[in-house]
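Since the structure comes first, as structure tokens, the remarks are kept for the end.
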Amino acid sequence: VAADGASLRDAAVESLADCFQPRAGDDEALQLVIVKACRTVVTTPACGVHRAALLNVVRTCYNVYLKARAPDTLGAVKASLHQMLEIVFARLLPDDGTDSDDKPPANDNEATATQSTLADEKVTDDV
């Protein structure tokens, strides 16, 4: 393992993911600890988990969800996955205070109307 922070984080995430063994006994308490640790890694801004490590964390939690049988465990894992993915997508689209005009169109009709308006403006400018 290299000495840089990213490699150490990736190695830590890999070790965490390796703790879950789908063929092991049904120790759902351990599964919940793994999911909580995964959630902490993803939701803590200082950790900065990205790319393969992030995929590994989400995959591990999803595998725990598939393996879990108890309704409490299923609910906790589902909530953790939801929270993690919500945070990841929120980080993809930061709220930078720009105008709503910069947002992508909400639907196909809005996109078509925008394209028509832009085409009309271009024709007017060319004349």
Side-chain angles (χ1 to χ4, degrees):
V1 176
D4 67 337
S7 295
L8 290 174
R9 270 191 304 270
D10 291 349
V13 166
E14 187 175 338
S15 296
L16 176 62
D18 288 344
C19 290
F20 175 68
Q21 298 297 323
R23 292 181 184 90
D26 291 327
D27 187 4
E28 293 199 8
L30 175 62
Q31 293 173 358
L32 283 174
V33 169
I34 292 169
V35 169
K36 287 177 184 177
C38 289
R39 184 183 65 219
T40 301
V41 166
V42 172
T43 59
T44 303
C47 286
V49 177
H50 303 287
R51 296 187 179 101
L54 179 60
L55 178 62
N56 201 2
V57 167
V58 172
R59 183 184 306 129
T60 299
C61 291
Y62 184 69
N63 287 336
V64 170
Y65 179 80
L66 293 176
K67 174 84 169 132
R69 296 291 176 241
D72 292 344
T73 304
L74 286 168
V77 176
K78 183 177 178 180
S80 292
L81 275 167
H82 181 76
Q83 183 182 13
M84 285 188 289
L85 294 176
E86 216 172 64
I87 288 173
V88 167
F89 283 107
R91 288 179 184 160
L92 287 174
L93 303 169
D95 183 23
D96 57 356
T98 59
D99 280 347
S100 61
D101 293 340
D102 294 339
K103 293 180 184 174
N107 56 42
D108 290 336
N109 292 337
E110 189 177 333
T112 304
T114 302
Q115 291 171 353
S116 297
T117 303
L118 292 174
D120 290 344
E121 289 175 4
K122 183 173 181 176
V123 169
T124 307
D125 290 341
D126 291 341
V127 174

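Hydrophobic clustering (ILVMFWY, side-chain heavy atoms < 4.5 Å, transitive): Leu81 and Ile87 are in distinct clusters. Val41 and Val33 fall into different hydrophobic clusters, where Ile, Leu, Val, Met, Phe, Trp and Tyr residues are linked whenever their side-chain heavy atoms come under 4.5 Å apart, directly or through other members. Transitive grouping of hydrophobic side chains (ILVMFWY, heavy atoms separated by less than 4.5 Å) brings Leu85 and Val49 into a common cluster.
Of all the heavy atoms in Ala68 and Thr73, the pair that sits closest is CB-CG2, 3.6 Å. Taking each heavy atom of Cys19 and Leu30 in turn, the nearest pair found is O-CD2, 4.5 Å. Residues Arg69 and Leu74 approach most closely at O-CD1, 4.0 Å, considering heavy atoms.
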Could you go step by step and tell me if Asp18 and Glu14 meet the side-chain contact (heavy atoms from CB on, under 4.5 Å) rule? CA-CA 6 Å; Asp18 288 344; Glu14 187 175 338; 3.9 Å; yes

Test log, rule side-chain contact (heavy atoms from CB on, under 4.5 Å), inputs Thr60 and Leu16: CA-CA 9 Å; Thr60 299; Leu16 176 62; over 6 Å; no

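With rounding to the nearest 0.5 angstrom, the SG atom of Cys61 is 11.0 Å from the CD atom of Gln31. Once rounded to the nearest 0.5 Å, the distance linking NE2 of His50 with CG of Asp10 reads 10.0 Å. How far CD of Gln21 is from CG of Asn63: 11.0 Å, rounded to the nearest 0.5 Å. One finds the CE atom of Met84 at 9.5 Å from the OG1 atom of Thr40 (value rounded to the nearest 0.5 Å).
The shortest distance between side-chain heavy atoms of Leu32 and Glu28 does not fall below 4.5 Å.
Between the Arg9 side chain and the Cys47 main chain, a donor and an acceptor come within less than 3.5 Å of each other.
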